[in-house]
Protein chains: 2
Amino acid sequence: MKDEKKRGRPRGFDAKAALGKARDVFWDKGFSAASLDNLSAATNLNRPSLYGAFGDKEALYLDALEGYRQDGMGVLTEALDPSLPLRDNIARVYAGALAIYLHGETAARGCFLIGTATAEAIQHERVREVLGRSLTDFDGEIEKRMRLAVERGELPDSADPQMLARLASAVMHSLAVRARAGDSRETLEAIARSGVELICGRS
Amino acid sequence: MKDEKKRGRPRGFDAKAALGKARDVFWDKGFSAASLDNLSAATNLNRPSLYGAFGDKEALYLDALEGYRQDGMGVLTEALDPSLPLRDNIARVYAGALAIYLHGETAARGCFLIGTATAEAIQHERVREVLGRSLTDFDGEIEKRMRLAVERGELPDSADPQMLARLASAVMHSLAVRARAGDSRETLEAIARSGVELICGRS
DNA sequence: AGAATTTAATGCGAAACGGTATAAAATATG
DNA sequence: CATATTTTATACCGTTTCGCATTAAATTCT
């Protein structure tokens, strides 16, 4: 469904890979501090090619954000596999987050969204919109699992699924910030463990 | 102890007030997107005066961060008044945070540190250092109160004061991010209430 | 009063910025 | 093969950036 040969010179690069490289630059520097020269160098694309494929700098950034958001949702739904106990689900959510935030083992970059989009959110309405949607969608996915947990008796009937979900997200937001502030993997994992305990009950 | 008249032309502005105006600019735009022209206009200082009083842009930003950090610690210790019950203390911490994050009632700016310093933390080591220190100091102050709570029997002996403190901070970090993402005051206050419930026990 | 010293104002200057005009290269179509 | 169309490469344009050089103003010290 995409083999209709477009006429004209074919593009000589993989747009998805280039977007990933651009995302890495934004991830390290933030939107404002990342220059088109940086992005051009990282993607091996000259500026007109970048512009042609993605539009201007803001559009490229929004594309990168949206891709990250979708990847994150994928990791989340995978972690929330309802055949596992709730406690395992939440632990997996945090483990998945830390795998992204710690980036390999070495330098911690934290969360791309929380680490860079928050800074631009006041001035750039579209960035704020993506950020807000990401947070609420994340909350919502966890909330669904919390509702299921109440139905199944993993949580007491008195539990408030929406609020528990938001607090479960809150722990992750904190991991995102702390990772970028340079906290050690050990510290972050300890917080994650304690978070699971607190959210899912001490039973 | 500061009436020793310096010789030479006296400075014609209040450095502290100027720093506050500069902080507001950084708060809205972030470090990288804030230009010296913006800062100059907001403070009513021409660039050489800014430079003379605070040094370059990064030094000015670090000054603003440090001032915010200290203000925040002041609000925190006030909220943690040990003559009040733990539950009230934590509720006051969140209320104090939201008062800052929501800025009046209208446009939400979130937390200056979490909203802007996280973005620069990877590239600017000194910013990362201030951010990290701010987070750990905050945790530490709450941890002291948690220890006291265990001694007093407000929390069970089995409670882990360090981890409870970090999770209490986590809720605040989430408020900081969500405020900047545009969440309503009602939502944020509801999260704060639920956070108090979760941290301080459902009793 | 005059010298010394500090701050304030104007404005410059080199570099970096985002974005694009222009032309060459590569492919499909007729 | 010629033409149309799309991508790539080079180079450039106007603007904005940060920082400072220079000069004027205001105050203290001698």
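Letters A, B, ... are given to chains in the order of the sequence lines, protein chains preceding strands, and every chain is numbered from 1.
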Output the rounded distance in Å from [atom1] ([X]) to [atom2] ([N]).
X	N	atom1	atom2	result
Leu60(B)	dC18(D)	CG	C1'	13 Å
Asp37(B)	dT16(D)	CG	P	9 Å
Tyr61(A)	dG18(C)	OH	C1'	17 Å
Arg7(B)	dT6(C)	CZ	C1'	10 Å
Phe31(A)	dG18(C)	CZ	C1'	10 Å
Tyr51(B)	dT10(C)	OH	P	21 Å
Leu45(B)	dG19(D)	CG	C1'	16 Å
Arg47(B)	dG11(C)	CZ	P	12 Å

Pro10(B) side chain: which of dC29(D), dG19(D), dA26(D) is closest?
-> dA26(D)

Identify which nucleotide among dT29(C), dG19(C), dT28(D) has an atom closest to any side-chain atom of Asp56(A), counting heavy atoms from C-beta outward.
-> dG19(C)

Could you tell me whether the phosphate oxygens of [N], OP1 or OP2, come under 4.0 Å of any side-chain nitrogen or oxygen in [X]?
X	N	value
Ser35(B)	dT17(D)	yes
Ser49(B)	dT7(C)	no
Asn46(A)	dA9(D)	yes

Would you say Glu78(B) has more than 12 foreign heavy atoms packed within less than 6.0 Å of its CD?
-> no

Between Ser35(A) and Asn38(A): side-chain donor-acceptor atoms closer than 3.5 Å | yes

Establish, from distance only, whether the side-chain atoms of Thr77(A) and Glu141(A) form a donor-acceptor pair under 3.5 Å.
-> no

Would you state whether a donor and an acceptor, one from the side chain of Arg9(B) and one from the base of dA25(D), lie under 3.5 Å apart?
-> yes

Under 4.0 angstrom, heavy atoms only, what part of the nucleic acid is Ala33(A) near: base, sugar-phosphate, or nothing?
-> nothing

Quick one: sort the Phe31(A) and His124(A) rings into parallel, tilted or perpendicular, breaks at 30° and 60°.
-> perpendicular

Anything under 30° is parallel, anything over 60° is perpendicular, the rest tilted; go ahead and classify Tyr68(B) against Phe112(B).
-> perpendicular

The residue, Asn44(A) or Glu58(B), whose nearest nucleotide of DNA chain D is more 5′ is Asn44(A)

Pairwise 5' ranking along DNA chain C for Pro48(A) and Asn38(A), keeping only the more 5' one = Asn38(A)

